[in-house]
**Q** 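Have a look at this one.
We number each residue from 1, following the sequence as shown. If you're wondering where the values come from, they're calculated on a predicted model, not measured in any experiment.
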Amino acid sequence: MHLFALSTRISGKLNKLNGMKTILDVLNLCKGFLHQKGIKNSQLQAEYLIGDALGLSRVQLYQHFDRPLVEKELEICRHRLGRRVKGEPLQYIHGEVDFYDCKISVNSHVLIPRQETEILVDIIVGQLKSEDLKDKFLWDLCCGSGCIGIAIKKKLPDLNVILSDVCPAALAVARKNAQLNQVDVEFLQGDLLDPFVGRKAHFVVCNPPYIAEREYEELDREVRDFEPRKALISGSSGLEFYTRLSLQLKDFLYPAGKAWFEIGRGQGPAVCELFFKGGWSICKAEKDWAGHDRFFFLENE
């Protein structure tokens with residue numbers, strides 16, 4: 001039975017104890033407040049928010065719908081509801097997301113991992129799983145939370161993985177996630193390829209900022225107001241990081257080395273042109289599940 005239908009069925013049987021709020025009371029109040037504040041899917045959002053606050057699954061909320069909440073529990077629910085109605089994403093409120101069989105801690109210093117990025121990881125794992133990866137290195141540039149490099153390392157433990165980011169706070173989150181997922185990876189701080197001067201890699205992956213400045217105000221409020229601006233905006237064109245990589249990356253890749261990038265919707269032709277001009281002949285854009293150019297592949301000759 002659908003959870004909303006179950007909620008409606010049992011609400012008539014609700015037994016309030018001494019005026020205390022039950023789980024179902026709080027769910028309904030939360031749903032109404034979220035709806036009033038213009039939060040979409042208010043029923044589902046209320047279930048996730050209150051379930052997370054109480055450490056219960058959505059099903060368990062309705063299994064224990066008539067349990068009264070103590071004041072400490074109500075205070076936790078109120079606090080989290082207050083954060084959500086201001087637009088803060090559920091993932092930041094919860095503090096953790098599931099990503100490609102990993103638990104990834106997130107906060108306002110790092111972007112929230114998306115399903116599209118899981119596709120990128122799956123592409124890379126699929127291409128590398130049959131290779132002999134001993135003594136080979138993969139660099140995860142602009143690593144943010146570290147979700148890409150950590151997920152790849154977890155699936156391909158023989159691969160040596162180095163994660164880098166310009167932001168110390170982001171690297172702190174990535175280090176926490178490496179520990180959380182029990183993977184042994186290296187960390188470097190610096191801008192794009194700067195920390196790797198004098199080194200070479202067999203594989204490089206990068207999900208860089210690719211939003212043009214003019215597009216920033218058009219982003220959803222939850223992204224624009226809460227996710228780190230520096231991890232989103234590339235510059236005036238949205239292509240600045242790809243331009244730098246097209247000119248610099250050859251010096252850092254071994255012959256036959258491979259690279260994968262995430263790109264913005266509609267950027268495929270422009271990114272291809274950049275790399276062709278930079279002397280790359282083996283490169284192509286790849287599509288996401290919606291049929292949009294979302295990933296970019298390179299091979300060093």
Side-chain angles (χ1 to χ4, degrees), residues 97-104 110-134 136-165 174 177-178 181 183 185 192-193 201-211 231 234 238-239 241-242 245-246 249-250 252-276 278 280-301:
V97 299
D98 292 321
F99 180 88
Y100 207 79
D101 295 331
C102 296
K103 291 290 185 183
I104 300 295
V110 298
L111 296 178
I112 297 168
R114 264 70 173 183
Q115 286 185 327
E116 291 87 350
T117 307
E118 287 189 273
I119 301 173
L120 176 61
V121 171
D122 196 55
I123 290 171
I124 296 170
V125 170
Q127 292 185 17
L128 298 186
K129 64 182 179 181
S130 60
E131 294 196 23
D132 179 6
L133 299 175
K134 187 177 180 181
K136 291 189 176 179
F137 284 82
L138 177 142
W139 301 343
D140 177 6
L141 313 179
C142 306
C143 71
S145 67
C147 62
I148 296 176
I150 288 168
I152 293 171
K153 177 66 175 180
K154 200 167 183 178
K155 290 293 183 181
L156 305 172
D158 288 342
L159 187 61
N160 297 286
V161 175
I162 303 177
L163 288 76
S164 71
D165 202 285
N177 285 324
N181 290 280
V183 296
V185 295
L192 206 59
L193 289 163
H202 303 86
F203 314 109
V204 169
V205 59
C206 184
N207 182 10
Y210 53 71
I211 303 296
S234 171
L239 300 171
F241 279 80
Y242 305 119
L245 288 166
S246 71
L249 187 57
K250 272 187 176 292
F252 291 85
L253 269 182
Y254 285 112
K258 299 178 176 66
W260 300 265
F261 311 135
E262 188 166 326
I263 61 176
R265 181 175 175 177
Q267 289 182 331
V271 175
C272 280
E273 183 179 357
L274 281 174
F275 280 91
F276 281 134
W280 298 80
S281 58
I282 305 176
C283 54
K284 63 177 180 177
E286 299 189 12
K287 298 185 183 300
D288 60 18
W289 291 330
H292 304 301
D293 288 344
R294 179 63 67 179
F295 315 110
F296 195 75
F297 170 75
L298 294 172
E299 186 169 345
N300 197 24
E301 294 181 286

**Q** What residues form a ring pair (Phe, Tyr, Trp, His ring centres under 6.0 Å) with Tyr210, not counting sequence neighbours?
**A** none
**Q** Does anything in residues 258-269 form a salt bridge (charged side-chain N to carboxylate O under 4.0 Å, His left out)? List the pairs, not counting sequence neighbours.
**A** Glu131-Lys258
**Q** Is any side-chain heavy atom of Phe297 closer than 4.5 Å to a side-chain heavy atom of Ile123?
**A** no
**Q** Please identify each residue that fulfils salt bridge (Lys or Arg N to Asp or Glu O under 4.0 Å) with Lys250, with sequence neighbours left out.
**A** none
**Q** Could you check whether the rings of His202 and Phe137 sit parallel, tilted or perpendicular, using 30° and 60° as the cut-offs?
**A** parallel
**Q** Any non-hydrogen side-chain atom of Ile104 less than 4.5 Å from a side-chain atom of Asn181?
**A** yes
**Q** Tell me, do Phe261 and Leu245 make a side-chain contact under 4.5 Å, heavy atoms counted?
**A** yes
**Q** Tell me, please, which residues at least two apart from Trp260 pass side chain to side chain donor-acceptor pair (under 3.5 Å).
**A** Gln127
**Q** Which residues satisfy the ring pair (Phe, Tyr, Trp, His ring centres under 6.0 Å) test with Phe276, sequence neighbours excluded?
**A** none
**Q** Only counting residues at least two apart or in another chain, list the ones meeting ring pair (Phe, Tyr, Trp, His ring centres under 6.0 Å) with Phe203.
**A** none
**Q** To the nearest 0.5 Å, tell me how far Leu192 CG sits from Ser164 OG.
**A** 7.5 Å
**Q** Which pairs with one or both residues in residues 151-163 pass salt bridge (charged side-chain N to carboxylate O under 4.0 Å, His left out), sequence neighbours excluded?
**A** Asp101-Lys155
**Q** Considering residues at least two apart in sequence or located in another chain, which fulfil the side-chain contact (heavy atoms from CB on, under 4.5 Å) criterion with Ile211?
**A** Glu215, Leu219, Leu232
**Q** I would like to know whether Ile162 and Leu138 meet side-chain contact (heavy atoms from CB on, under 4.5 Å); could you show each step before the answer?
**A** CA-CA 6 Å; Ile162 303 177; Leu138 177 142; over 6 Å; no
**Q** Write down the atom of Cys272, the atom of Ala285, and the distance for their closest heavy-atom approach.
**A** SG-N, 4.1 Å
**Q** Suppose we screen for side-chain contact (heavy atoms from CB on, under 4.5 Å). Which residues come up paired with Ala270, at least two apart in sequence or across chains?
**A** Leu239
**Q** Run the side chain to side chain donor-acceptor pair (under 3.5 Å) test against Glu273 and tell me which residues pass, sequence neighbours left out.
**A** Lys277
**Q** What are the two closest heavy atoms between Cys102 and Ala151, and how far apart are they?
**A** SG-CA, 3.7 Å
**Q** Which pair of non-hydrogen atoms, one from Gly146 and one from Leu163, has the smallest distance, and what is that distance?
**A** CA-CD2, 3.4 Å
**Q** List for me each residue that meets salt bridge (Lys or Arg N to Asp or Glu O under 4.0 Å) alongside Asp98, sequence neighbours excluded, and say none if there are none.
**A** Lys103
**Q** Which residue pairs satisfy the salt bridge (charged side-chain N to carboxylate O under 4.0 Å, His left out) criterion with at least one member in residues 288-301, sequence neighbours excluded?
**A** Lys287-Asp293, Asp288-Arg294
